Trainee: 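Here it is, the structure in full.
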There are 2 protein chains.
Amino acid sequence: MSSENPKRTLFARFAETAKALGHGRRLEILELLAQGERSVEALAERVGLSIANASQHLRLMHRTGLLASRRDGKRILYRLNDPSVLELTAALHRVAERNVAEVREVIRGYFHERDALEPVSRKELSQRLRDGLVTVLDVRPEDEYAAGHVPKAINIPLRELTRRLRQIPKNREVVAYCRGPYCVLAFEAVAILRGRGFKVRRLEDGYPEWKAAGLPTD
Amino acid sequence: MSSENPKRTLFARFAETAKALGHGRRLEILELLAQGERSVEALAERVGLSIANASQHLRLMHRTGLLASRRDGKRILYRLNDPSVLELTAALHRVAERNVAEVREVIRGYFHERDALEPVSRKELSQRLRDGLVTVLDVRPEDEYAAGHVPKAINIPLRELTRRLRQIPKNREVVAYCRGPYCVLAFEAVAILRGRGFKVRRLEDGYPEWKAAGLPTD
DNA sequence: CAATCATTCAACGTAATTATTGAATGATAC
DNA sequence: GTATCATTCAATAATTACGTTGAATGATTG
């Protein structure tokens, strides 16, 4: 298969890896796997794919270097192969945000309008955490919280938020986060909680970026 | 076209940009454009595509945010849209180098065997340039040299190298470079010159990375 | 203003990608 | 050792991507 021209061979392999990123649902799977490893069935359910179809996508990303997998009992758990995969998706996001008109519009029109106040930077949050001045709220589903979260964060999945308001202190500042820059859970949590009088802001990006920055996790 | 779900819309656009990277010849075009802007015809000739086919690839990369273009006389010159595009291709290379077995093999087997000695880092070269202790040799084609090069570098395209050996001083150290980490021109130049008794090493990566690092250019 | 020329478009056949379906693995668990 | 279950494979049909050909565009140049 490998041509006599080594550069052609390399670029053909690079192209295969890039192609593996070239599908919206696969990018959603990568966002989920950035939270932690997951089974085929769990990914299929959360992304809205049939199990066979999800398995196809996963094996393709496995072949091209994006994912690794291991067996745990009867399930097979997939995970991001390497921190460099997270850097690659981040670089892709940056290019599109800067250079694709529709992306800029959606981000301005949808994500920014929902967060008039400045998001909290990772650095600021990690300082305030040390001082114990802030409540951190993780609004991802329980299993993602269980796979790792910001220290001392409390987990209230967005769907349960209105039912569990009493668990959130009203007198302290709250910082909510979820999966990453394009995850809407934290945006919606901020909107809901502000409507009920809470003092709440959103963390920039999400848990994978927190972890990738080398900050402590539980 | 944009769905009611903003995240799906975003990820669909991200996927289109990723797909634009998913073709070996397009990656070669991006490597050439990292040297500087070029016309459709020049790119087609150098990559070995028909003009119509090259135009298709270029327009696709333009649509998806990778390229920009401008008119100059009767030609249209394409260029990388943004430094973030270079970061994206670099991130792609990193993922494949770390996680794709065949890529690791080709790099070890072909690129490393040809350069037993350590390559010169950008920092080291820029220091030695200040001291005037080193001759820098640019072995890319003339037009790429003309679009920008390392300060004081002399340009001898690889094909002319054996004919123009007398232009290279024998008593000083020579550092050769070309387009980037997968460009074989500098490797071959080092091999040829060492065979003739020159004291020559290779610069890490190539001109685009030198420029992207903020180092001076002519 | 007509001719030129680089680039783009349109149409075509071929190949690759995608989602679905149902069967086949193959390791676990009883 | 057999049944179970999550995952993968194989085959299909629909869609999309690819390269070639030849015509069209459209700005420049004389």
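Scope of the values below: all heavy atoms of this structure, side chains included, with no hydrogens, waters or symmetry mates. Throughout, a chain's letter reflects where its sequence line sits, starting with A, and its residues are numbered from 1. Model, not experiment: these values are computed from the prediction.
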Trainee: Is there a side-chain polar atom (N or O) of B:Tyr78 under 4.0 Å from OP1 or OP2 of C:dT8?
Mentor: yes
Trainee: Counting just side-chain N and O atoms, does B:Arg59 come under 4.0 Å of either OP1 or OP2 of C:dT7?
Mentor: no
Trainee: Find the distance A:Glu37:CD to D:dA6:P and express it as a whole number of Å.
Mentor: 17 Å
Trainee: Any salt bridge linking B:Arg8 with A:Glu28? Criterion: basic side-chain nitrogen under 4.0 Å from a carboxylate oxygen.
Mentor: yes
Trainee: Does a side-chain N or O from B:Ser55 land closer than 4.0 Å to OP1 or OP2 of C:dT8, or not?
Mentor: yes
Trainee: One thing to verify: whether B:Arg13 and B:Glu16 come together as a salt bridge, which I'm taking to mean a side-chain N less than 4.0 angstrom from a carboxylate O.
Mentor: yes
Trainee: Taking the ring centre of each residue, are A:Phe14 and B:His93 less than 6.0 Å apart?
Mentor: yes
Trainee: Rounded to whole angstroms, how far apart are CE on B:Met61 and P on C:dT8?
Mentor: 12 Å
Trainee: Please answer whether the main-chain N or O of A:Thr64 pairs with a side-chain N or O of A:Thr17 as donor and acceptor at a distance below 3.5 Å.
Mentor: yes
Trainee: Can you confirm whether B:Leu10 sits close enough to A:Leu27 that some side-chain heavy atom of one is under 4.5 Å from a side-chain heavy atom of the other?
Mentor: no
Trainee: Donor-acceptor pair, A:Gln35 side chain versus A:Ala147 backbone, under 3.5 Å?
Mentor: no
Trainee: Where do A:Pro151 and A:Leu129 come nearest, in terms of heavy atoms and distance?
Mentor: O-CD2, 3.9 Å
Trainee: Rounding to an integer number of Å, can you tell me how far B:Asp72 CG sits from C:dC5 P?
Mentor: 17 Å
Trainee: Considering only nitrogen or oxygen atoms on both sides, find all protein atoms under 3.5 Å from nucleotides 17-21 of chain D and state each distance.
Mentor:
from: D:dC18; atom 1: OP1; to: B:Arg26; atom 2: NH2; distance (Å): 3.4
from: D:dG19; atom 1: OP1; to: B:His23; atom 2: NE2; distance (Å): 3.2
from: D:dG19; atom 1: OP2; to: B:Asn53; atom 2: ND2; distance (Å): 3.3
from: D:dG19; atom 1: OP2; to: B:His57; atom 2: NE2; distance (Å): 2.8
from: D:dG19; atom 1: N7; to: B:Gln56; atom 2: OE1; distance (Å): 3.4
from: D:dT20; atom 1: O4; to: B:Gln56; atom 2: NE2; distance (Å): 3.3

Trainee: Rounded to the nearest angstrom, tell me the gap between atom CD in B:Glu41 and atom C1' in C:dC5.
Mentor: 9 Å
Trainee: With the side chain of A:Arg75 defined as its heavy atoms from C-beta on, choose the nearest nucleotide among D:dT7, C:dA6, C:dT8.
Mentor: D:dT7
Trainee: Would you tabulate the pairs of protein nitrogen or oxygen atoms and nucleotide nitrogen or oxygen atoms of nucleotides 28-30 of chain D closer than 3.5 angstrom?
Mentor:
none

Trainee: Knowing that exactly one of A:Leu30, A:Val85, A:Asp82 qualifies, which makes a side-chain contact (heavy atoms from CB on, under 4.5 Å) with A:Leu67?
Mentor: A:Leu30
